[in-house]
Amino acid sequence: MEDFTERVVKLLKEVPAGTVASYGQIARLAGNARAARQVTRILHSMSRKHGIPWHRIVNAKGEIVISDGETAFEQEERLRDEGVPVIGGKRVDMERYRWDPGFDGEEW
DNA sequence: CGAATGACAATGT
DNA sequence: TACATTGCCATTC
């Protein structure tokens with residue numbers, strides 16, 4: 001049993017390229033359905049310097065809602081590069097590219 | 001230790 | 001679809 005943060009980081013690394021996952025989805029898989037906001041904090045804080053694929057994480061509607069314009073743009077570019085079309089500069093087809101883990105809550 | 005904070009979510013209008 | 005509200009909870013101050 002690790003900290004919520006640790007688990008979130010692990011889950012993020014499990015997200016395959018070409019798919020996107022929502023903050024809430026990650027939070028739920030990590031064990032806390034309501035800790036979506038912590039996932040945001042973790043990403044904002046850990047991201048770059050920790051080799052975490054933060055760009056595959058968008059909000060529940062499949063939109064990029066990052067407050068920092070530059071970071072948001074980088075995410076958009078990376079997603080396109082992985083095969084995920086970004087509509088209107090900030091949206092992806094959630095139904096189609098949503099990450100679908102085979103399990104429900106990691107490997108327990 | 002109490003209050004503020006946030007790359008969100010869910011619901012209502 | 002867009003905007004406003006309210007709820008949430010770990011981390012920071």
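So that the names make sense, note that chain A is the first sequence line, chain B the second, and so on, each numbered from 1. Worth knowing before you read on, the calculation uses all heavy atoms, side chains too, and leaves out hydrogens, waters and symmetry mates.
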(request) Could I get the full list of side chain to side chain donor-acceptor pair (under 3.5 Å) partners for A/Arg98, not counting sequence neighbours? (result) none

(request) For A/Ala17, enumerate each residue passing the side-chain contact (heavy atoms from CB on, under 4.5 Å) test, keeping only those at least two apart in sequence or located in another chain. (result) A/Arg56, A/Glu82

Restricting to nitrogen or oxygen on both sides, can you table the protein-nucleotides 1-3 of chain B pairs closer than 3.5 Å?
none

(message) Once rounded to the nearest 0.5 Å, what's the spacing between atom CD1 of A/Ile66 and atom CD of A/Glu74?
(response) 9.0 Å

(message) Once rounded to the nearest 0.5 Å, what's the spacing between atom OG1 of A/Thr5 and atom NZ of A/Lys10?
(response) 13.0 Å

(request) Considering only heavy atoms of chain A and a distance under 4.0 Å, specify the first and last nucleotide of DNA chain C in 5' to 3' order that meet this criterion. (result) C/dT1 to C/dT11

(message) Rounded to whole Å, please give me the gap between CG in A/Leu29 and C1' in B/dC8.
(response) 15 Å

(request) Check DNA chain B against residues 82-92 of chain A and give the residues with a non-hydrogen atom under 4.0 Å, in numerical order. (result) none

(message) I need the full list of salt bridge (charged side-chain N to carboxylate O under 4.0 Å, His left out) pairs touching residues 30-46 of chain A, with sequence neighbours left out, sorted by first then second residue.
(response) none

(message) Check A/Arg80 with A/Glu76, please: is the shortest side-chain N to carboxylate O separation under 4.0 Å?
(response) yes

(request) Quick one: list whatever passes side-chain contact (heavy atoms from CB on, under 4.5 Å) with A/Lys13, sequence neighbours left out. (result) A/Val9

(message) Distance check needed: B/dC8 P versus A/Arg28 CZ, whole Å only.
(response) 17 Å

Would you tabulate the nitrogen or oxygen pairs shorter than 3.5 Å linking the protein to nucleotides 11-13 of chain B?
none

(request) May I ask you to test the A/Met94-A/Val58 pair for a side-chain heavy-atom distance under 4.5 Å? (result) yes

(message) Using 0.5 Å steps for rounding, measure from the CG atom of A/Leu79 to the CD1 atom of A/Ile64.
(response) 5.5 Å

(message) Test of understanding: with side-chain contact (heavy atoms from CB on, under 4.5 Å), list the residues that count as partners of A/Asp93, not counting sequence neighbours.
(response) A/Glu95, A/Arg96, A/Tyr97

(message) To the closest 0.5 Å, what do you measure between CZ (A/Arg7) and CD1 (A/Ile42)?
(response) 11.5 Å

(request) Please identify each residue that fulfils salt bridge (Lys or Arg N to Asp or Glu O under 4.0 Å) with A/Arg91, with sequence neighbours left out. (result) A/Glu63

For nucleotides 4-6 of chain B, give me every protein contact, N/O to N/O, under 3.5 Å, one pair per line with atom names.
unit_1	atom_1	unit_2	atom_2	d
B/dT5	O2	A/Arg41	NH2	2.7
B/dG6	N7	A/Arg37	NH2	3.4
B/dG6	N2	A/Gln38	OE1	2.5

(request) Let me know the distance between CH2 of A/Trp54 and P of B/dC8, rounded to the nearest Å. (result) 13 Å

(request) Kindly write out the residues that satisfy side chain to side chain donor-acceptor pair (under 3.5 Å) with A/Gln75, not counting sequence neighbours, or none if the list is empty. (result) none

(request) Rounded to the nearest 0.5 Å, what's the gap from CG on A/Leu43 to CD1 on A/Ile26? Could you check? (result) 8.5 Å

(message) What is the separation between atom CD1 on A/Ile42 and atom P on B/dC8, rounded to the nearest whole Å?
(response) 13 Å

(request) Output the distance between atom CG (A/Leu12) and atom OH (A/Tyr23), rounded to the nearest 0.5 Å. (result) 10.0 Å

(request) Select from A/Glu63 and A/Ala35 the residue whose nearest nucleotide in DNA chain C is closer to the 5' end of that strand. (result) A/Glu63

